[in-house]
S.K.: 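Structure incoming, see below.
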Number of protein chains: 2
Amino acid sequence: MKEGPNIAMLGALIGDPARANMLSALMSGKALTASELASEAGVTLQTASSHLSKLEAAELLIRRKQGRHRYFSLAGDEIGHVLEVMMGFAAKHGHMRTRTGPKDPALRKARVCYNHLAGELGVTMFDYLSSQNYLSSVGEEVGLTPAGESFISSIGINLIQMQNSRRPLCKSCLDWSARRSHLAGSLGTALLSHFLEKQWAKRLDNSRIIEFSKHGEQQFRNLFPTPPPSPN
Amino acid sequence: MKEGPNIAMLGALIGDPARANMLSALMSGKALTASELASEAGVTLQTASSHLSKLEAAELLIRRKQGRHRYFSLAGDEIGHVLEVMMGFAAKHGHMRTRTGPKDPALRKARVCYNHLAGELGVTMFDYLSSQNYLSSVGEEVGLTPAGESFISSIGINLIQMQNSRRPLCKSCLDWSARRSHLAGSLGTALLSHFLEKQWAKRLDNSRIIEFSKHGEQQFRNLFPTPPPSPN
DNA sequence: GAAATACTTCGATTAACATCGAAGTATGAA
DNA sequence: TTCATACTTCGATGTTAATCGAAGTATTTC
């Protein structure tokens, strides 16, 4: 009946605990092997393989072959976004005993949303860039203004090679903790990589938390001050 | 293992075809009875009842008793948002043969997103309001500026009673067709009701499509012109 | 070439749950 | 009171699919 809401299939795919664990693990942005995902999900390799095939068939995941390993990663930002929204809902909503762990405040502060920075610090950065008119986020798809381009370049990020990529440079991504935007797209990814390279922050293992060092956070807040000074 | 991603339960809840159909039907924003939802999903009343209990227990739905009827509706904007994002993904993604019907362009143009206006026209409205500085959408949660308040009042919408409600007045909601924002919250709801009351548009049955009449669309575009004139 | 690693495919088992008939409750109508 | 409508609860059935052991393929190491 009706031209079926395939939302059901999508839900069913995400709805299995093993698959949900795998997808969550991949939200870190890293590519993981089948074995790693199996242990992450707490199932045997055979079972994992079966799940991964389904996820790949549905184009939620992509599989890269490298030597005798298969590396899996999310098929794109869109699924990352779907998962982020669902996680946000499930978490916010006491829902089904989400038993918010001790690490939760850290998660709200800074986390990886697929492959870019989300959480309070992500929002802070986005706000600052907007307030300085580095982003043309008014209605239209988010873009970098000329002033924004030189700002980004001054940080030491190479824009030129990114602009040649097929991936959109900037995208906004709605945060669940507060209903505010943070920066996704290839620029968002590049900025996160930049912070990690500069050792301002590091990824906690098996978690989406980004832990800023004391020094790193200071540098970060220095670069993206809040409250922002009036632009001039 | 791990403090379980309850995203799995959420996915499983949405992942059953019958439940997905019911939830989709409720995206129209209307409250529906158990019988209506049963026929919508193509199952018997008993089966529907079982599903509805589960959805209520998970707090995705609320149940209102009225005479011998039970009216069900989505428990809030958040689930609406989750569903919208998932539908967007499933649809955009050729995914599992979503066989985009002939009505699809209409859906992209104007549809109801739980209870407010989404699609191209929704984005147009949001853009116009932003460009006129009626919305203070910079970073912070979206709010109405004083100029915005008088604009809304001039349309003939009573703001005062809305401001007393516990529901947020304005919220932005990310659109899936284009990655752009449209207006949710109680103001978003009120605006949609306003258009329907004025007969500028009507809801198509069993669909999320909002069909604007020729006259109605003209009025709408008159009120929210695009491209927007420079604000002065 | 042999053995180990990394993974996939096959097949059988099992558990979960969607489904509906039948019977029960509550509300409204005659 | 009686009947009808709207729905819920219970119980039985059947289907689906998650799981893992066993065996197979591919790749690297020795």
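Note on naming: letters A, B, ... go to the chains in the order of the sequence lines (proteins, then strands), and numbering restarts at 1 for each one.
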S.K.: For B:Ala25 versus B:Glu40, what's the shortest heavy-atom pair and its separation?
M.R.: CB-CG, 3.5 Å
S.K.: Just by modelled atom types, is the A:Tyr71 backbone N or O under 3.5 Å from a matching donor or acceptor in the A:Arg64 side chain?
M.R.: no
S.K.: Please tell me if B:Arg63 has a side-chain N or O lying less than 4.0 Å from either OP1 or OP2 of D:dT8.
M.R.: yes
S.K.: Would you classify B:Ala18 as touching base, sugar-phosphate or nothing, given that sugar-phosphate means primed atoms plus P, OP1 and OP2, and contacts are heavy atoms under 4.0 Å?
M.R.: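 Sugar-phosphate, backbone atoms only, no base.
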S.K.: Calculate the interatomic distance between B:Leu37 atom CG and D:dA6 atom P; express it in whole Å.
M.R.: 14 Å
S.K.: In plain terms, say whether A:Lys30 and A:Glu36 are close enough for a salt bridge, that is, a side-chain N and a carboxylate O under 4.0 Å apart.
M.R.: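 Looking at A:Lys30 and A:Glu36, the cut-off is not met.
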S.K.: For salt bridge (Lys or Arg N to Asp or Glu O under 4.0 Å), just list the numbers for A:Arg70 and A:Glu56, CA-CA rounded to whole Å, side-chain angles, deciding distance to a tenth of an Å, and then say yes or no.
M.R.: CA-CA 12 Å; A:Arg70 267 81 173 166; A:Glu56 191 196 14; over 6 Å; no
S.K.: Starting the side chain at C-beta, find the nucleotide from C:dT9, D:dT19, C:dT19 nearest to B:Val43.
M.R.: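 The answer is C:dT19.
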S.K.: Find the distance A:Met9:CE to D:dA17:C1' and express it as a whole number of Å.
M.R.: 15 Å
S.K.: Using the 3.5 Å cut-off, write out each protein N or O paired with an N or O of nucleotides 12-15 of chain D and the distance between them.
M.R.:
none

S.K.: Please tabulate the protein-to-nucleotide N/O contacts below 3.5 Å involving nucleotides 23-27 of chain C, giving atom names and distances.
M.R.:
residue	atom	partner	partner atom	Å
C:dT27	OP1	B:Lys65	NZ	3.1

S.K.: Considering only NZ, NE, NH1 and NH2 on the basic side and carboxylate oxygens on the acidic side, decide whether A:Glu211 and A:Lys202 come within less than 4.0 Å.
M.R.: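 Salt bridge between A:Glu211 and A:Lys202, a charged N being under 4.0 Å from a carboxylate O: yes.
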S.K.: Any salt bridge between A:Asp77 and A:Arg167, counting N to O under 4.0 Å?
M.R.: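 Yes, A:Asp77 and A:Arg167 are salt-bridged.
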S.K.: Between the side chains of A:Glu78 and A:Lys171, is the shortest nitrogen-to-carboxylate-oxygen separation below 4.0 Å, so that they form an ion pair?
M.R.: no
S.K.: Counting side-chain heavy atoms from CB outward, which of C:dA18, D:dA18, C:dC20 is closest to B:Thr44?
M.R.: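 Output: C:dC20.
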S.K.: Separation of B:Leu45 atom CG from D:dA4 atom C1', in whole Å?
M.R.: 14 Å
S.K.: Whether A:His51 contacts D:dT19 is assessed here as follows: a side-chain N or O lying under 4.0 Å from the phosphate OP1 or OP2. Is that the case?
M.R.: yes
S.K.: Can you work out whether A:Ala12 or A:Gln66 has the more 5'-proximal nearest nucleotide on DNA chain D?
M.R.: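 Looking at DNA chain D, the more 5' nearest nucleotide goes with A:Ala12.
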S.K.: At under 4.0 Å, does any side-chain N or O of B:Lys54 touch on OP1 or OP2 of C:dA18?
M.R.: yes
S.K.: I need the CD-P distance between B:Glu36 and D:dT5, as an integer number of Å.
M.R.: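 Taking CD of B:Glu36 and P of D:dT5, I get 16 Å after rounding.
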S.K.: Indicate yes or no for a side-chain donor-acceptor contact from A:His116 to the backbone of A:Cys113 under 3.5 Å, with no hydrogens or angles considered.
M.R.: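 Yes; judged by distance alone, with no hydrogens or angles, the pair exists.
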S.K.: Kindly say if A:Thr47 contacts the phosphate of D:dT19, meaning a side-chain N or O under 4.0 Å from OP1 or OP2.
M.R.: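 It does not, given that no N or O in the side chain of A:Thr47 lies less than 4.0 Å from OP1 or OP2 of D:dT19.
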S.K.: Look at the side chain of A:His69 and decide which nucleotide, out of D:dT19, C:dA6, C:dT19, has an atom nearest to it.
M.R.: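 Output: C:dA6.
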S.K.: Atom CG of A:Leu52 to atom C1' of D:dA18: distance rounded to whole Å?
M.R.: 14 Å
S.K.: CG of A:Asn21 versus C1' of D:dA18: gap in Å, rounded?
M.R.: 14 Å
S.K.: Quickly work out the A:Asp16 CG to D:dT16 P distance and round it to whole Å.
M.R.: 17 Å
S.K.: Roughly, in whole Å, what's the span from CG in A:Leu32 to C1' in C:dA6?
M.R.: 15 Å
S.K.: Kindly determine whether B:Asn115 and B:Leu74 satisfy side-chain contact (heavy atoms from CB on, under 4.5 Å), including the steps that lead there.
M.R.: CA-CA 10 Å; B:Asn115 50 17; B:Leu74 294 188; over 6 Å; no
S.K.: Students often mix this up, so state it plainly: with edges at 30° and 60°, are the rings of B:Phe220 and B:Phe195 parallel, tilted or perpendicular?
M.R.: perpendicular
